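For clarity, every value in this text was computed on a predicted model and none was experimentally measured. Reminder, nothing fancy here: chain letters follow the sequence lines and each chain counts from 1.
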2 protein chains.
Amino acid sequence: MPRSTPPCPMQALLDLLTGPWTTYILWVLGTAGETRFGALRRAVPGISARLLTVRLRVLEQHGVIARRVESTTPPQVSYALTRRGEELSGILDSLNDVARRWYPPTPAANQRAAHDASVP
Amino acid sequence: MPRSTPPCPMQALLDLLTGPWTTYILWVLGTAGETRFGALRRAVPGISARLLTVRLRVLEQHGVIARRVESTTPPQVSYALTRRGEELSGILDSLNDVARRWYPPTPAANQRAAHDASVP
DNA sequence: GGAAGTAGGTATCTCAAAGTAACCACACGC
DNA sequence: GCGTGTGGTTACTTTGAGATACCTACTTCC
C-alpha cells in the first residue's frame with residue numbers, strides 16, 4: 001500500500017482494513033462464526049489462496065482474528081474473531097449502514113441482493 | 001488500490017477512505033473547519049500538492065467535502081466538510097478511539113505528541 | 001526585476017502490492 | 001497408482017498508485 005504512511009495510530013488501523021477483501025473476510029467471520037480456511041475461501045469468491053493467507057496473517061498479527069489448528073490429518077485450520085475483532089466489527093457495521101445509505105444497492109447488483117439483504 | 005473490488009457499497013466507502021492521508025485530511029477539516037488549499041497542505045506535512053488535489057477531488061465527488069472558490073486574484077479555494085463528511089467524521093472518531101487503545105502512542109513518536117494530544 | 005505564494009495540471013518513473021501458477025506432504029477413495 | 005481435498009508456500013510477472021519534477025498565469029512583496 002502506501003509507500004510513506006504517517007505515524008498515526010489511526011493510519012495503522014486503516015492500513016489493516018484497507019486491502020481488498022479484508023472487511024469482507026471480517027464480515028464473514030462475524031456472521032458465520034469460526035470458519036475454516038477452505039470455507040472462507042469459498043465464501044470470498046475471487047480471492048486467491050495466497051492473498052487470503054496474507055490477509056489472515058496480518059489480521060492475526062493485529063489480534064483481530066485467532067487461528068486455531070487441529071492436528072488431524074489433514075490438519076484443519078479455523079479462524080474466528082477475537083474480542084478485538086468483534087469490537088471492530090461493530091464499528092464496521094455502522095460504517096456499512098452509512099455506505100448503504102450513500103450508495104444504494106443498484107438494480108444491476110441483483111446477484112448480490114441476497115448478500116446485501118443478509119447484512120444486518 | 002485493489003485491481004478487482006467486490007461490488008459492495010461498503011467497499012466503495014472504504015476505497016474512498018483508504019488512500020494515505022485521506023482520513024488525516026478529513027480530521028483536519030473536521031477540527032479546523034473550512035480550510036484553504038495551501039493551509040491544508042501545510043497542515044498535512046509530507047503530502048504532495050498533486051496527491052492532495054487528487055484526494056480532494058475524490059472526496060468532493062463523493063459529497064464528503066465541499067469546494068468553494070472565491071473569484072479574487074489569485075482565486076482562493078476553500079474546502080469544508082459537508083453533512084456527509086461530518087457523519088463520516090463521527091464514525092472515524094470512534095475508529096480513532098479504538099486505534100489509540102490498540103496502538104498506544106509510542107514514546108518514539110514524541111514529535112507527534114502534540115498532534116496526538118490534540119486529537120479529541 | 002526577481003522571488004514567492006496562489007491552486008493546481010502534466011509527464012514520467014519506480015516500486016511494492018496483487019495476480020498467476022506451480023508445488024508440497026499427507027490421507028482417503030476408487 | 002491416480003485423482004481429490006487439505007492448508008498453505010514459493011517463485012515469477014504485472015500493474016497501477018504514489019513520488020518527483022516541472023509547467024501555468026496572476027499578484028504582491030522586497
Side-chain angles (χ1 to χ4, degrees), chain A residues 1-8 11-12 14-25 28-29 32 34-62 65-80, chain B residues 1-8 11-12 14-25 28-29 32 34-62 65-80:
Chain A
M1 234 132 295
R3 202 130 36 194
S4 68
T5 306
C8 182
Q11 196 66 44
L14 278 167
D15 286 349
L16 171 65
L17 299 176
T18 269
W21 313 111
T22 310
T23 58
Y24 203 101
I25 294 168
V28 170
L29 290 178
E34 188 171 45
T35 307
R36 290 181 46 190
F37 185 90
L40 210 47
R41 192 179 168 183
R42 266 168 268 126
V44 184
I47 196 172
S48 67
R50 182 186 158 283
L51 191 49
L52 180 55
T53 302
V54 172
R55 288 284 176 270
L56 291 172
R57 289 285 178 280
V58 173
L59 289 172
E60 191 195 356
Q61 279 170 15
H62 284 249
I65 64 175
R67 177 184 142 109
R68 191 168 61 86
V69 182
E70 287 175 82
S71 303
T72 59
T73 49
Q76 299 184 346
V77 184
S78 302
Y79 297 89
Chain B
M1 232 131 296
R3 202 131 35 195
S4 66
T5 306
C8 181
Q11 197 65 45
L14 277 168
D15 287 348
L16 172 64
L17 299 176
T18 270
W21 312 113
T22 310
T23 59
Y24 202 103
I25 294 169
V28 169
L29 289 179
E34 188 169 46
T35 307
R36 290 182 45 191
F37 184 88
L40 209 48
R41 192 178 167 182
R42 265 168 269 124
V44 185
I47 196 172
S48 68
R50 182 188 156 283
L51 190 50
L52 180 55
T53 302
V54 172
R55 287 284 176 270
L56 292 172
R57 289 285 177 281
V58 173
L59 289 172
E60 192 196 355
Q61 280 170 14
H62 283 249
I65 64 174
R67 179 184 141 107
R68 190 169 61 85
V69 183
E70 288 175 81
S71 303
T72 58
T73 51
Q76 298 183 345
V77 184
S78 301
Y79 296 88

Provide, to the nearest angstrom, the distance between the [atom1] atom belonging to [X] and the [atom2] atom belonging to [N].
{"X": "A:L51", "N": "C:dA16", "atom1": "CG", "atom2": "C1'", "answer": "14 Å"}
{"X": "B:I47", "N": "D:dT20", "atom1": "CD1", "atom2": "P", "answer": "13 Å"}
{"X": "A:L52", "N": "C:dT20", "atom1": "CG", "atom2": "P", "answer": "15 Å"}
{"X": "B:E70", "N": "C:dA7", "atom1": "CD", "atom2": "P", "answer": "10 Å"}
{"X": "A:R55", "N": "C:dG19", "atom1": "CZ", "atom2": "P", "answer": "8 Å"}

Residues forming a side chain to side chain donor-acceptor pair (under 3.5 Å) with A:T22, sequence neighbours excluded: A:R55
Residues in side chain to side chain donor-acceptor pair (under 3.5 Å) with A:E34, at least two apart?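 A:R68.
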When you compare the side chain of A:V58 with that of A:D15, does any pair of heavy atoms fall below 4.5 Å? no
Hey, does A:L59 have a side-chain heavy atom less than 4.5 Å from the side chain of A:Y79?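 In short, these two side chains do not touch, never coming nearer than 4.5 Å.
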Which heavy atom in A:R36 sits nearest to a heavy atom in A:S78, and how many Å separate them? CG-OG, 3.4 Å
Check residues 39-50 of chain B and write down every donor-acceptor pair under 3.5 Å in which the side-chain atom is one partner and the other belongs to a residue at least two apart or another chain.
| residue | atom | partner | partner atom | Å |
| --- | --- | --- | --- | --- |
| B:S48 | OG | B:L51 | N | 3.2 |

Please encode protein proximity along nucleotides 6-11 of chain D as a string of B, S and -, counting only heavy-atom distances under 4.0 Å. BSSBBB
